[in-house]
Amino acid sequence: MSEQQPKKKRWPYVLGGIVLLLVVAVAVALWRLDAFLLQRARTEAAAFAQTLGRPVDIGDISTQLIPHVGVEVENVVVGAAEGEQVPLAEMKKLDVAVALWPALTSRGQDIQVKNAEVSGLTINVVRLPDGTTNVSRLQEKLAQQQPKEETPPAEEQPTDLSMVRVDRAALTDATIRFIDRSAAQARELAITDLDVEVKDLRAGKPLDVVLHAAVLAQKQNFHLTLHTTPLPASLIPVPERVELKSEPIDLAPLGPFLGAEAGLQAGTLQADWTAQLGAAVPGGTGPTNLKGGLRAQGLRFAGAEGGKALDVVVDTDVTGDMEKGDLSIQTLRMELGPARITGKGQVKGLLTEKPTVQDFELVGQNLDPAVLAEYYPPLRKQLANQVAGPIGLVVRGGGTQESQALTAEVDLTPVRLRIPEQLSKEAGAPMRLTARLTGAAASGGALRFDAKSDLSGVDMRPGLLLDKRPGQTFTVDAAGTYQPESGKQPMKVDLSRLGIAMLEYTMAGTASYAQAGKGAKQTMTFALALESPRLNVDELLMTDEEVAATAGGPQPAEEEGPKDAKRFNGMRGSMSFKIGALRMNEMDLSNMVADVKMVDDLITVERFTTGIYGGTVSASGSSVRLGPDAAQRPFELKAEVKDMNVAEAMSKRVPRKVLDGKFNGQMNLSGVGYETKSLQERLAGAIDGNLLGGAFTGLDIPAAVSGPLVKALPFVGKVLDNDGVTELSEQLPFGVTIKNGVAQLSKPITWTRPEVAMSFDGGIRLDGTLDLAGTVNLGPPLIEKMTMGRAKPTESVPVALKLTGKAWSPEVTGLDVKPAAVAIGKMAAASAATELLGEKGKEVGKIITGGTDAAKEAAKAEAEKRQKELEEKARQEAEAARKKAEEEAKKRLRGILGR
């Protein structure tokens, strides 16, 4: 009997089949994914090629999912543009690998890049026959496509990249080829064997970047190492140490590729320099050390006078600590042709209570930009003939053991300056700055200083603001302390003494400024207090005529683009001014005191008082917002006026005298913008006050009324003498409500003189146009004058009229003299009857005249008619304003809905 064969197990085959099937499925999926990504990448590359103006080709893309997510991009070529014979760039391979499991389990909050490497990159820089390069052409094309920013870009906060870690990133075996096709015989040179490597890039750890390259050589001869402080969450590095080493490199072959403007023809470069930057860079901490140097010798440029060669030498052995105020100079030599700066000595504890200075000296020699331009001609264009002559620079340490200091002197007297739109100065005209630095203030931690500048030789008129000519006094004298930013302590400058003298005027006071934070969280706090016994701003500032003469014609108004309304956010400060006598805008102010406060863009006048036009003005509580553009800035004006001469106040604003008298009152106005058109549309508020001893000098109203009235009489009369002035009452209280730029009387103004009484209602526009309606009550004495004694009334006769036109040349319109003429005619007849018939004539006269009731009734009817007209006009204006507001609201709504 045969033995039974064991039954074969089938599950290993099934499992193997499943695995094989999964492998095949994954392989097919990856193949399809690679094909899809390649197609998508080529589509994007075609669109990018339109932007670059040159073809972009991608050879192949392959992906990997296990054990890490990876992608390889091969044979990428940015081709040649029209007229170019070689591609701009070629890349053999880009390899990126990212750990899959950490990314999945952290939901994208742990991105570990294992490797990111670009290999075989070649960049071809070609100098074309017209002297341009393919790189410069590409830059011009991209600049043309760059959209113009109409509004300043909003400041963006740094992106938090703390979830990203890069184990290695590298550029290997890269080449930069320089091909010169500008001559008949093409030349080629290259920077080869270019390697850049970064390892362990992550937040919280320092970063090391290493670069090696063979610059115009067979082996690597250029080495650069950069070490940073621990990276923040944004991964934006702060350099801490830089090492530069370079064997001698012949720069002549690179000259044609630096551009025709540079014109480099010969020269060599060699460097061995190490810089421990520390607190010398923003965000850095710790001491600073500069050791070693570099030499660029025999630099010869096209157009140099006599073929002069320029040697540049930097040799340093300097150690410093900005946080403590320590500086030790063992060696400091900087040479630029004949110009030289040398230094030596030590300073310790400059920011402490008692600094020490030991044999310290920093001296500049032959610092003449015009002479340097003889070696380097492009400097002439860069300077634009703005600076010529030797600049004097000396910094020395000295003083007693108990009081040591650094003294810096900058002498620009031998220098000729031509700074466009700022200033000019002839060689030999005085211009000096002297500064003295001592230790910390008694409170500790702040650098004490005092500085004096003499700008008497400077002409400030090219700035088109200050009318300061050469030879006139202009000095600044300041002393105070400087506290650098440290931890949570802001950077702060306190000026305990600030003196300014210009022409014959002086200002003295104090100032302070503090700054903390960065970006949108930056805060700036300031304070300024100045006093002056006498100041003539009109004399210090240039007139429009002087500006036009200096600038060669009237200056066009600058078209200001939209400004960031939040540009003043974070600013806090106060300004205080006390000026004994101030001349400004042809106004003479006395004992002016002003206290102004700023919070963000809101300027508030906490106190303002001054004597002006024989009275006083107080504008405390006024405010303006600076954030919006000038045409849209809202403001409030709150002012109290006492005993101000109205004629003087209006004299510069109207072509002829309008009012006499003294004004007492209050103004509470609000508006938007400063232009007359805007104010006429949007000014609102109220003015209440009292005019003392007033007179309307634009017109003699009773005389103006008498002419037409006399002509309407049934007999020959006499027109009143025209003095051109209407006397008002000794006290004339009034109230004005301003709406949409129109000043409307709150209630009629009424005044009575011995021979006449008047009452008016209505308004006046900001341009001076009158719209007043009223009644003139001619008293018996005036009627007797006009009738040459024929009429002897016992009551006043009213005449209705309107005042229109400009306030300085008003017109009497709407004059209805018929009722008054009839009444006066009857009065004259009654007077004649009385003379002829005696007592019986008086009774006849009463029957003839019927009193003055008819004239009064006619005037009353006219006043009621005028009141109805004003009410109807106000109703129409209100309706028009309502419709305008509705239309604007509809427009804004359509804008929001995008219709």
Side-chain angles (χ1 to χ4, degrees), residues 364 386-387 389 391-396 405-419 421-438 441 446-483 491-515 524-542 573-584 594 596:
Q386 295 180 17
V387 184
I391 300 171
L393 171 64
V394 177
V395 180
R396 287 192 173 93
L406 288 177
T407 301
E409 295 181 0
V410 179
D411 189 359
L412 297 178
T413 299
V415 180
R416 178 180 57 80
L417 298 175
R418 295 287 187 274
I419 311 300
E421 299 181 1
Q422 294 187 40
L423 57 85
S424 66
K425 189 186 81 68
E426 299 300 330
M431 185 177 182
R432 300 181 183 87
L433 170 65
T434 302
R436 188 170 183 270
L437 307 178
T438 58
L447 180 70
R448 286 200 302 264
F449 66 87
D450 62 77
K452 296 181 179 180
S453 64
D454 179 5
L455 306 177
S456 59
V458 177
D459 187 348
M460 304 297 295
R461 291 176 296 174
L464 305 181
L465 179 63
L466 296 177
D467 190 13
K468 192 274 176 194
R469 304 162 188 262
Q472 293 179 321
T473 301
F474 187 9
T475 62
V476 179
D477 183 4
T481 59
Y482 165 75
Q483 172 70 59
M491 182 279 292
K492 188 174 183 180
V493 178
D494 278 311
L495 297 180
S496 57
R497 183 182 77 237
L498 175 61
I500 302 172
M502 183 178 294
L503 280 60
E504 58 184 283
Y505 308 104
T506 60
M507 290 179 284
T510 61
S512 66
Y513 177 79
Q515 181 175 307
M524 293 162 284
T525 307
F526 64 90
L528 175 66
L530 287 176
E531 297 185 14
S532 176
R534 186 171 65 92
L535 205 59
N536 189 333
V537 176
D538 292 345
E539 186 177 350
L540 294 174
L541 300 182
M542 299 178 68
S574 61
M575 293 177 285
S576 176
F577 303 95
K578 292 183 180 180
I579 303 176
L582 175 63
R583 174 77 173 174
M584 183 173 63
V596 180

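Quick note: residue numbers are just sequence positions, from 1. No hydrogens, no waters, no symmetry mates; every other heavy atom, side chains included, goes into these values.
For Glu421, the CD atom sits in a loose shell: 12 or fewer heavy atoms of surrounding residues, nucleotides or ligands are nearer than 6.0 Å.
Under the 4.5 Å side-chain criterion, counting only non-hydrogen atoms from C-beta, Leu393 is in contact with Val410.
Of the possible polar contacts, one joining the Ser532 side chain to the Thr506 backbone as a donor-acceptor pair under 3.5 Å is found.
With rounding to the nearest 0.5 angstrom, the CG atom of Asp477 is 10.0 Å from the CD1 atom of Ile500. With values rounded to the nearest 0.5 angstrom, Asn536 atom CG is found 11.0 Å from Met584 atom CE. Here the OG atom belonging to Ser576 is positioned 7.5 Å from the CD atom belonging to Glu531, to the nearest 0.5 angstrom. To the nearest 0.5 Å, atom CG of residue Leu540 and atom CE of residue Met460 are 12.0 Å apart. Distance check, rounded to the nearest 0.5 Å: OH of Tyr513 to OG1 of Thr525 gives 8.5 Å. The OG1 atom of Thr407 sits 8.0 Å away from atom CG of Leu437, with the distance rounded to the nearest 0.5 Å.
In terms of heavy-atom proximity, Met507 sits nearest to Leu535 at SD-CD2, 4.1 Å. Smallest separation of non-hydrogen atoms from Met575 and Phe526: CG-CE1, 4.0 Å. Of all heavy-atom pairs between Val415 and Gly389, the closest is CG2-O, 3.6 Å. For Arg461 against Met542, the heavy-atom pair with the smallest separation is O-SD, 3.6 Å. Residues Val458 and Met431 share a closest heavy-atom pair of CG2-SD, 3.7 Å. Considering all non-hydrogen atoms of both residues, Gly457 and Lys425 come closest at O-CG, 3.3 Å.
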- Message: What verdict does the salt bridge (charged side-chain N to carboxylate O under 4.0 Å, His left out) test give for Glu409 and Arg436, after you've listed the backbone C-alpha separation in whole Å, the side-chain angles of each residue and the deciding distance to 0.1 Å?
- Response: CA-CA 9 Å; Glu409 295 181 0; Arg436 188 170 183 270; over 6 Å; no
- Given the rule in the side-chain contact (heavy atoms from CB on, under 4.5 Å) test, do Leu528 and Leu498 qualify, once you have shown the distances and angles that lead to the verdict? CA-CA 10 Å; Leu528 175 66; Leu498 175 61; 4.3 Å; yes
- Message: Applying side-chain contact (heavy atoms from CB on, under 4.5 Å) to Val493 and Phe449, what does each step give before you reach the verdict?
- Response: CA-CA 10 Å; Val493 178; Phe449 66 87; 4.3 Å; yes
- Item | Residue pair Leu417, Val387: steps toward the side-chain contact (heavy atoms from CB on, under 4.5 Å) verdict | CA-CA 5 Å; Leu417 298 175; Val387 184; 4.0 Å; yes
- Message: What verdict does the side-chain contact (heavy atoms from CB on, under 4.5 Å) test give for Leu541 and Leu466, after you've listed the backbone C-alpha separation in whole Å, the side-chain angles of each residue and the deciding distance to 0.1 Å?
- Response: CA-CA 5 Å; Leu541 300 182; Leu466 296 177; 3.9 Å; yes
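Using a 4.0 Å cut-off between a side-chain N of Lys or Arg and a carboxylate O of Asp or Glu, Glu539 and Lys468 do not qualify as a salt bridge. Contact check on Lys452 versus Asp454 returns no salt bridge, with no Lys/Arg side-chain nitrogen under 4.0 Å from an Asp/Glu carboxylate oxygen.
Take Asp411 and apply the side-chain contact (heavy atoms from CB on, under 4.5 Å) test, not counting sequence neighbours, and it matches Thr413, Pro414, Arg432.
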